[in-house]
Undergrad: 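The structure under discussion is supplied below as structure tokens; questions concerning it will follow.
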Amino acid sequence: MADDKKLTTRAGDFSAWYNELVLRAELADYSPVKGSMVIRPNGYGIWERMQRALDDMFKATGHRNAYFPLLIPESFLKKEAQHVEGFAPECAVVTHGGGKKLEEPLVIRPTSETIIYHMFAKWVQSYRDLPLLINQWANVVRWEMRTRLFLRTLEFLWQEGHTAHATHDEAEEETRRMLGVYRTFMEEFMAMPVITGQKSESEKFAGALRTYSCEAMMQDNKALQAGTSHNLGQNFSKAFELKFQTEAGDIEFAWNTSWGVSTRMIGGLVMTHGDDNGLVTPPRLAPIEVVIIPIWKTDDEKAKLTEAANAHRDELTSWMGRGAHDRLRVHVDARDGMRAGAKYYEWELQGVPLRLELGPKDLEKQSVFSARRDTRAKAPIAMAGVAESVAKVLETIQSDMFAAAKARREAHSVRDIASYDAFKQLMDGDGGFVYAGWCGDGACETKVKEETKATIRCIPDEEFRSAQAPTACLACGGPAKHEAVWAKAY
RNA sequence: CGGGACGUGGCUCAGCCCGGUAGAGCACUCCCUUGGGGUGGGAGGGGUCGCGAGUUCGAAUCUCGCCGUCCCGACCA
């Protein structure tokens, strides 16, 4: 490589850029087991911030956490016909334990519907026990053929919410509510705009009545399904005898929902905001929001500036303007033997939202020199009231990142595609989201997929639909039943 | 599982055609230098050349087999 300090560029090879960034920013590393990965502290730190924000939102909507076991009797998985069909090929199965062959093989959970609804059936007797609102943070295993760091690995971390309700409408409301929670999280924390909508029959969860998803656009204009929420109807309650007695005294099957987001979102974060210099983290998810780099020449200066940098850190971290539980997250990089410039590159690669440089000149001027990660804009910040100024810049970064990502998505969204040929041409070139009609026939979906690799990402919710609803199906030209978002996807 | 490529210090790779006892850059350790965007120099540590067999006086290099990785296709959060 001509310059192996630089990343491959996004324009040069998006896929290589992504892999290099994830490895070099130390978000994750390949594990000795093909297809699985180690999440390193930089990556896990982002996950922890995601978990915290989401967990608070789950609690605020009345859910409680629990933990269900990793191993599931194989027979459980087979109880729901669609479910087993969807997951059987990608299940890892434990056949031996304690040095003996097991009587019944145990499946390593690819998702926990079966074990959870089995347990729910024991816990629910009456309508008074409903709704039952449970979430678990867990790892799951799906034996994928082709894997990518964070985006698709054999094992990944996620949360799965599982609820039981007395009526279909309550379950539907819950399904939509949690999709909304995901959307809020993705927009407000990840600064990642998403389109919400319903999945087509072929893309829905195996065993669900309906699946809704959040779809985001990556910088290569491909779609990433970032979160899903399922109305499971009574499919699982019937398979697992999850019944309750109504107020009127009748016995009915409960209505279930399940919803999940995973460490895949970290991949989405990288591909939404990263640039050719590395990761760009939205402040609200950044384990370190501000890095302070003292600059010195002499030993005398070194002592003075390191002390000043530490004093700044203390001032920033003790500031309570965001509330006592949301202090600024600040790191001082006073490493010796490394030039300031080299530190800049390193922290940029790791995506720290704001850098503060503190040198002799700044001390004289009673200011610090700041550099934004997202725009790379530089400006001095007065020492007086520095914490408030910094907090304000971070807020600006957060909202600017969202606005930039949204503008990019809109720039690559097409609502007036002239013809199927034009669509093919677009998918052959730049790609993007195409809002176009769909007759509702799975055959048309399959045809488009085979010919262009693009699929229906979702039937968008009303607010995302075009002012003028499309009248013809993209593929067959017949009357359109829905407006659909078509795109190539991860 | 089909098609293609590749396995050589931690990383990226050269050496292989034409066999002769292993190299570069980066990274790492130490010293000096430098220090507001990847300083420069010096010294040093580190390799069963993927594994196994074969040919040969001698194999990283040639032959065969195996294993593994990556990319492209069939499945997917």
Side-chain angles (χ1 to χ4, degrees), chain A residues 1-8 13 15-16 19-20 23-24 29-35 85-91 109-111 138-160 182 199 202-206 211 213-216 223-230 258-268 277-278 293-299 301-302 305 334-349 355-365 367-371 376 378 380 449-450 453 455 457 489-490:
Chain A
M1 212 183 294
D3 185 354
D4 58 7
K5 284 178 176 170
K6 282 206 163 39
L7 283 174
T8 297
D13 184 343
S15 204
N19 288 332
E20 279 177 32
L23 295 172
R24 290 181 43 181
D29 202 353
Y30 292 107
S31 92
V33 176
K34 176 186 161 68
E85 200 179 310
F87 282 104
E90 50 190 271
C91 281
R109 63 178 165 223
T111 178
N139 57 338
V140 286
V141 168
R142 298 183 185 175
W143 216 264
E144 301 291 349
M145 312 288 269
R146 291 193 55 152
T147 55
R148 300 276 319 268
L149 292 166
F150 287 114
L151 301 172
R152 175 160 292 111
T153 47
L154 293 197
E155 178 184 359
F156 57 93
L157 304 182
W158 77 344
Q159 59 70 215
E160 47 181 326
Y182 289 157
K199 285 295 195 184
S202 69
E203 297 264 337
K204 77 169 190 192
F205 176 74
T211 291
S213 73
C214 293
E215 302 283 334
L224 182 79
Q225 178 177 303
T228 49
S229 185
H230 317 287
S258 70
W259 26 275
V261 293
S262 72
T263 39
R264 179 182 232 204
M265 289 192 296
I266 297 171
N277 299 301
I293 299 178
I295 297 155
W296 64 76
K297 284 190 194 134
T298 63
D299 281 352
E301 277 176 345
K302 179 184 169 185
L305 285 148
R335 283 177 294 176
D336 209 348
M338 197 171 173
R339 301 186 94 190
K343 292 181 182 177
Y344 301 165
Y345 281 100
E346 186 175 307
W347 290 109
E348 278 179 7
L349 178 63
R355 177 177 78 236
L356 297 180
E357 304 168 16
L358 190 59
K361 293 178 213 161
D362 301 294
L363 276 192
E364 268 172 42
K365 288 184 281 190
S367 72
V368 291
F369 197 69
S370 73
R376 308 188 90 209
K378 295 171 188 180
K449 184 175 183 180
E450 280 171 2
K453 288 180 192 162
T455 50
R457 297 324 304 152
Y490 277 94

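Because only heavy atoms are used, hydrogens play no part in the values below, and waters and symmetry mates are left out as well, while side chains stay in. Naming: A, B, ... by sequence-line order, numbering from 1 per chain.
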Undergrad: For Ser262(A), which contact category applies under a 4.0 Å heavy-atom criterion: base, sugar-phosphate, or nothing?
TA: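 Contact class for Ser262(A): base.
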Undergrad: Suppose we screen for ring pair (Phe, Tyr, Trp, His ring centres under 6.0 Å). Which residues come up paired with Phe156(A), at least two apart in sequence or across chains?
TA: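 Phe156(A): ring pair (Phe, Tyr, Trp, His ring centres under 6.0 Å) contacts with Trp158(A).
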Undergrad: Measuring only the P atom in each nucleotide, how far is G23(B) from G46(B)? A whole number of Å is fine.
TA: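 Straight-line distance between the two P atoms is 13 Å.
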Undergrad: Take the protein atom CG of Leu363(A) and the nucleotide atom C1' of G36(B), then report the distance between them rounded to whole Å.
TA: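 Whole-Å distance recorded here is 13 Å.
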Undergrad: When you compare the protein's N or O atoms with those of nucleotides 40-45 of chain B, which come within less than 3.5 Å of each other, and at what distance?
TA:
none

Undergrad: If the C1' atom of U61(B) is compared with that of C17(B), how far apart are they to the nearest Å?
TA: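 Here U61(B) and C17(B) have their C1' atoms 9 Å from each other.
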Undergrad: On a whole-Å scale, what distance lies between the C1' atoms belonging to U29(B) and G45(B)?
TA: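 U29(B) and G45(B) have their C1' atoms separated by 7 Å.
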Undergrad: Does any N or O in the side chain of Glu160(A) come within less than 3.5 Å of the main-chain N or O of Thr111(A), such that one atom is a donor and the other an acceptor?
TA: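 Answer holds: no.
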Undergrad: Per the atom types in the model, does the base of G38(B) pair as donor or acceptor with the side chain of Glu346(A) at under 3.5 Å?
TA: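 Checked by distance alone, the answer is no.
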Undergrad: Contact class for Phe369(A) (heavy atom, under 4.0 Å): base, sugar-phosphate, or nothing?
TA: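 Base: the residue Phe369(A), judged by heavy atoms under 4.0 Å, touches a nucleobase.
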Undergrad: So what does Asn277(A) hit on the nucleic acid, given a heavy-atom distance under 4.0 Å: a base, only sugar-phosphate, or nothing?
TA: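 The answer is nothing, as Asn277(A) stays clear of every strand by at least 4.0 Å.
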Undergrad: Using modelled atom types only, decide if a donor and an acceptor are shared between the side chain of Arg109(A) and the backbone of Val140(A) within a distance under 3.5 Å.
TA: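 No; judged by distance alone, with no hydrogens or angles, the pair does not exist.
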Undergrad: Can you sort out the partners of Glu346(A) under side-chain hydrogen bond (donor to acceptor under 3.5 Å, both in side chains), two or more places apart, ordered by chain and number?
TA: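 If we apply the side-chain hydrogen bond (donor to acceptor under 3.5 Å, both in side chains) test to Glu346(A), skipping adjacent residues, the hits are Arg335(A).
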Undergrad: Is G58(B) paired to anything, Watson-Crick or G-U wobble with both distances less than 3.5 Å, and if yes, which nucleotide?
TA: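 Pair assignment: G58(B) / none.
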Undergrad: When you compare G36(B) with G40(B), how far apart are their P atoms, in angstrom units rounded to a whole number?
TA: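 Rounded to whole Å, the distance is 12 Å.
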Undergrad: Name the residue closer to the 5' end of RNA chain B, choosing between Ala342(A) and Ala489(A) according to the nucleotide with the nearest heavy atom.
TA: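 Its nearest nucleotide lies further toward 5', so the answer is Ala342(A).
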Undergrad: Once you apply a heavy-atom cut-off of 4.0 Å, does Ile293(A) come out as touching a base, just sugar-phosphate, or nothing?
TA: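 No contact.
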Undergrad: Report the C-alpha separation of Leu154(A) and Thr147(A) in whole Å, then their side-chain angles, then the decisive distance to 0.1 Å, and conclude whether the side-chain contact (heavy atoms from CB on, under 4.5 Å) test is met.
TA: CA-CA 7 Å; Leu154(A) 293 197; Thr147(A) 55; 4.2 Å; yes
Undergrad: Which of the following nucleotides, G35(B), U39(B), G37(B), is nearest to the side chain of Arg355(A)?
TA: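 That would be G37(B).
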Undergrad: What is the distance, rounded to the nearest whole Å, between atom CE of Met338(A) and atom P of C28(B)?
TA: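 Spelled out: CE on Met338(A) to P on C28(B) is 9 Å.
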Undergrad: Can you measure Lys297(A) atom NZ to G35(B) atom C1' for me and round it to whole angstrom units?
TA: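 Spelled out: NZ on Lys297(A) to C1' on G35(B) is 8 Å.
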Undergrad: For a quick test of reading the model, state the closest non-hydrogen atom pair linking Phe87(A) to Pro110(A) and the distance between them.
TA: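 Looking at all heavy atoms of both residues, the shortest contact is CD2-CB, 3.8 Å.
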Undergrad: In whole angstrom, what separates Glu160(A)'s CD from A77(B)'s P?
TA: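 Spelled out: CD on Glu160(A) to P on A77(B) is 14 Å.
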Undergrad: Name the closest nucleotide to the Lys361(A) side chain, picking from C75(B), G36(B), G38(B).
TA: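 Nearest nucleotide to the side chain: G36(B).
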Undergrad: With sequence neighbours excluded, tell me which residues meet salt bridge (charged side-chain N to carboxylate O under 4.0 Å, His left out) with Lys302(A).
TA: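 Here the qualifying residues are Asp336(A).
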Undergrad: Quantified in whole Å, what is the P atom distance between nucleotide A27(B) and nucleotide C64(B)?
TA: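 To the nearest whole Å, 40 Å.
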Undergrad: Below 3.5 Å between N/O atoms, which protein atoms pair up with nucleotides 30-34 of chain B? Just atom names and distances, please.
TA:
from   : atom 1 : to        : atom 2 : distance (Å)
U34(B) : O2'    : Arg339(A) : NH2    : 3.1

Undergrad: Please give the distance between the P atoms of G25(B) and C49(B) as a whole number of Å.
TA: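 The answer is 22 Å between these two P atoms.
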Undergrad: When we call it a touch if two heavy atoms are under 4.0 Å apart, what does Thr455(A) touch: a base, just sugar-phosphate, or nothing?
TA: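 If one applies the 4.0 Å heavy-atom cut-off, Thr455(A) turns out to touch nothing in the nucleic acid.
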Undergrad: What's the CD1-C1' distance between Ile295(A) and G36(B), to the nearest Å?
TA: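 Rounded to the whole Å, the gap is 5 Å.
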Undergrad: What pairs of nitrogen or oxygen atoms, one from the protein and one from nucleotides 68-72 of chain B, lie under 3.5 Å apart?
TA:
from   : atom 1 : to        : atom 2 : distance (Å)
C70(B) : OP2    : Lys34(A)  : NZ     : 3.3
C72(B) : OP2    : Arg146(A) : NH1    : 3.3
C72(B) : OP2    : Arg146(A) : NH2    : 2.1

Undergrad: Can you sort out the partners of Tyr490(A) under ring pair (Phe, Tyr, Trp, His ring centres under 6.0 Å), two or more places apart, ordered by chain and number?
TA: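 Result, ring pair (Phe, Tyr, Trp, His ring centres under 6.0 Å) vs Tyr490(A): none returned.
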Undergrad: Phe156(A) has an atom CZ; how far is it from atom C1' of A77(B), in whole Å?
TA: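 The distance from CZ of Phe156(A) to C1' of A77(B) comes to 5 Å, rounded to the nearest Å.
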Undergrad: Would you mind telling me which residue lines up with the more 5' stretch of RNA chain B, Leu358(A) or Leu154(A), judged by nearest nucleotide?
TA: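 Going by which nucleotide is closer to the 5' end, it is Leu358(A).
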Undergrad: Applying salt bridge (charged side-chain N to carboxylate O under 4.0 Å, His left out), can you list everything that pairs with Glu348(A), at least two apart in sequence or on another chain?
TA: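 Result, salt bridge (charged side-chain N to carboxylate O under 4.0 Å, His left out) vs Glu348(A): Arg355(A), Arg376(A).
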Undergrad: Are any side-chain N or O atoms of Thr211(A) and backbone N or O atoms of Lys199(A), one a donor and one an acceptor, separated by less than 3.5 Å?
TA: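 Between the backbone of Lys199(A) and the side chain of Thr211(A) there is no qualifying donor-acceptor contact (under 3.5 Å).
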Undergrad: How many whole angstroms separate atom CZ of Arg24(A) from atom C1' of C26(B)?
TA: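 In whole Å, C26(B) C1' lies 10 Å from Arg24(A) CZ.
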Undergrad: When both hydrogen-bonding distances must be under 3.5 Å and the geometry is Watson-Crick or G-U wobble, what is C30(B) paired with, if anything?
TA: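 Partner of C30(B): G42(B).
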Undergrad: Across the strands shown, which category fits Trp158(A) at heavy-atom distances under 4.0 angstrom: base, sugar-phosphate, nothing?
TA: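 The answer is nothing, as Trp158(A) stays clear of every strand by at least 4.0 Å.
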Undergrad: Of all residues at least two apart in sequence or in a different chain, which pass the salt bridge (charged side-chain N to carboxylate O under 4.0 Å, His left out) check with Arg457(A)?
TA: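 Applying salt bridge (charged side-chain N to carboxylate O under 4.0 Å, His left out) to Arg457(A) gives Glu203(A), Glu215(A).
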Undergrad: What's Gly359(A) touching, base or sugar-phosphate or nothing? Going by heavy atoms closer than 4.0 Å.
TA: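 Base: the residue Gly359(A), judged by heavy atoms under 4.0 Å, touches a nucleobase.
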Undergrad: Taking only residues two or more places apart in sequence, or in another chain, which ones meet Gln159(A) in a side-chain hydrogen bond (donor to acceptor under 3.5 Å, both in side chains)?
TA: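 Applying side-chain hydrogen bond (donor to acceptor under 3.5 Å, both in side chains) to Gln159(A) gives Asn135(A), Tyr182(A).
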Undergrad: Between Asp362(A) (side chain) and Gly359(A) (backbone), is there a donor-acceptor pair under 3.5 Å?
TA: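 Answer holds: yes.
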Undergrad: Could you work out the separation of C16(B) and C26(B) based on their C1' atoms and round it to a whole Å?
TA: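 Roughly 24 Å separates the two C1' atoms.
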Undergrad: Just name whichever nucleotide pairs with A24(B), Watson-Crick or G-U, keeping both distances under 3.5 Å, else none.
TA: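 The base-pairing partner of A24(B), which may sit in any strand shown, is U12(B).
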Undergrad: G36(B) base to Lys343(A) side chain: any donor-acceptor pair below 3.5 Å?
TA: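 Not at all, since no donor on one side and acceptor on the other fall under 3.5 Å apart.
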Undergrad: If the condition is side-chain hydrogen bond (donor to acceptor under 3.5 Å, both in side chains), which residues does Trp296(A) pass it with, not counting sequence neighbours?
TA: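 Trp296(A) satisfies side-chain hydrogen bond (donor to acceptor under 3.5 Å, both in side chains) with no other residue.
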Undergrad: Could you list the residues that satisfy salt bridge (charged side-chain N to carboxylate O under 4.0 Å, His left out) with Arg148(A), not counting sequence neighbours?
TA: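 Arg148(A) satisfies salt bridge (charged side-chain N to carboxylate O under 4.0 Å, His left out) with no other residue.
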Undergrad: Kindly point out which of G36(B), G38(B), G37(B) is positioned nearest to the side chain of Asp362(A)?
TA: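 Output: G36(B).
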Undergrad: Please report the distance separating the P of U63(B) from the corresponding atom of C1(B), rounded so that it comes out in whole Å.
TA: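 Rounded to whole Å, the distance is 26 Å.
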Undergrad: Provide, to the nearest angstrom, the distance between the CZ atom belonging to Arg109(A) and the C1' atom belonging to A77(B).
TA: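 To the nearest whole Å, that distance equals 15 Å.
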Undergrad: Looking at A5(B), which nucleotide sits across from it as a Watson-Crick or G-U wobble partner, both distances under 3.5 angstrom, or is there none?
TA: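 With both distances under 3.5 Å, A5(B) matches U69(B).
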Undergrad: Would Tyr345(A) count as stacked on G38(B) if the rule is ring centres under 5.5 Å and plane angle under 30°?
TA: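 So Tyr345(A) counts as stacking on the base.
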Undergrad: Reckon Glu357(A) touches a base, only the sugar-phosphate, or nothing at all at heavy-atom distances under 4.0 Å?
TA: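 Counting heavy atoms under 4.0 Å across all strands, the contact made by Glu357(A) includes a base.
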